[in-house]
Amino acid sequence: GQSLEQPSEVTAVEGAIVQINCTYQTSGFYGLSWYQQHDGGAPTFLSYNALDGLEETGRFSSFLSRSDSYGYLLLQELQMKDSASYFCAVIGTGRRALTFGSGTRLQVQP
Amino acid sequence: NAGVTQTPKFQVLKTGQSMTLQCAQDMNHNSMYWYRQDPGMGLRLIYYSASEGTTDKGEVPNGYNVSRLNKREFSLRLESAAPSQTSVYFCASSAQPSLGVNLDDSNQPQHFGDGTRLSIL
């Protein structure tokens, strides 16, 4: 099966940088995805890493180390609107669907 | 662009009642999914359909049935609702390749509907 670990909560101030870590265990691996969900809203796709290294999309970057079964989401120049829950997710063998972590709730304070 | 549309948005049921949650996507996606999300928790996969005509169980399938009516529509049915099924239900779709195609480098993003908030008394 698949399992993912990520911190339950992170707090940071506006303008700062925050890193949300994710470690995973899966039989077979096709990449690590990140999703954002605001309270009361639907999850939305942020990024996907299939290979080791850093992928940058604007203020958000995502990193993957396949040898360490570890990834992180880096959010720069934090804004109040970044307050949301962030989920990492993987597809492993035997199931053509994502398994999600339990989510990290990010609170951005003024 | 409608994307993924779920109906209803809210529903209250009594224990033992049945109901079907509807989901439709207009993106010509092969794969569709049903998740439940309980307060403060992540998404747990109930069932998914990797292509039209196929369905597979996810992590928490007990108490649910699904139908992939056609490529656009994927419904979730609760035959006899229980209070433990009180949750927010999300439908999603993705352009994941059909069965038989290698998944390497093809992890397509999932597009989610706005959810159905279901309370069972």
Side-chain angles (χ1 to χ4, degrees), chain A residues 1-9 20 22 24 26-52 55 57 60 62 64 66 71 84-107, chain B residues 3-6 9-10 23 29-51 54-61 66 74 88-117:
Chain A
Q2 293 89 38
S3 68
L4 301 99
E5 294 281 339
Q6 49 182 132
S8 58
E9 275 194 45
I20 298 173
C22 174
Y24 58 87
T26 180
S27 51
F29 180 77
Y30 295 104
L32 184 70
S33 300
W34 289 92
Y35 285 77
Q36 178 192 58
Q37 185 181 30
H38 287 99
D39 284 348
T44 56
F45 174 79
L46 287 178
S47 69
Y48 169 64
N49 294 68
L51 303 174
D52 286 358
E55 295 276 346
T57 308
F60 293 5
S62 56
L64 175 66
R66 295 173 71 127
S85 293
Y86 294 84
F87 297 90
C88 56
V90 295
I91 289 185
T93 54
R95 180 181 294 163
R96 299 176 73 90
L98 288 169
T99 297
F100 283 82
S102 55
T104 299
R105 188 174 180 83
L106 170 64
Q107 284 195 307
Chain B
V4 179
T5 303
Q6 291 184 234
K9 294 192 186 306
F10 302 92
C23 176
H29 284 166
N30 287 322
S31 300
M32 297 186 73
Y33 314 84
W34 275 106
Y35 296 90
R36 61 176 289 174
Q37 185 174 34
D38 299 311
M41 294 182 67
L43 296 146
R44 290 186 292 167
L45 183 68
I46 304 171
Y47 271 94
Y48 68 104
S49 170
S51 63
T54 69
T55 60
D56 286 282
K57 294 179 180 179
E59 301 169 62
V60 289
V66 290
F74 189 38
V88 181
Y89 290 85
F90 287 101
C91 176
S93 71
S94 75
Q96 207 77 3
S98 299
L99 292 170
V101 177
N102 200 316
L103 271 177
D104 286 346
D105 300 321
S106 60
N107 191 347
Q108 296 292 321
Q110 293 191 9
H111 300 260
F112 286 80
D114 290 334
T116 296
R117 282 145 183 84

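Residue numbering restarts at 1 for every chain, and letters A, B, ... go by the order of the sequence lines. The analysis underlying the following values was restricted to heavy atoms, covering all of them including side chains, and did not include hydrogens, waters or symmetry mates.
The side-chain heavy atoms of Gln110(B) and Tyr35(A), taken from C-beta on, include a pair separated by under 4.5 Å. In this structure the side chain of Leu98(A) never reaches within 4.5 angstrom of the side chain of Tyr48(B), judged on heavy atoms. Residues Gln37(B) and Phe100(A) have side chains not in contact (no heavy-atom distance under 4.5 Å, counting atoms from C-beta outward).
Counting heavy atoms of neighbouring residues, nucleotides and ligands inside a 6.0 Å radius, atom CZ of Arg44(B) exceeds 12 of them.
For the atom pair NE2 of His111(B) and OG1 of Thr44(A), the computed distance is 10.5 Å after rounding to the nearest 0.5 Å.
In terms of heavy atoms, Gly113(B) sits closest to Ala42(A) at O-CB, 3.1 Å. Scanning all heavy atoms of the two residues, the minimum distance from Phe112(B) to Pro43(A) falls at CD1-O, 3.4 Å.
Using a 4.5 Å cut-off between heavy atoms, Arg117(B) contacts chain A through its side chain alone, with no backbone atom that close.
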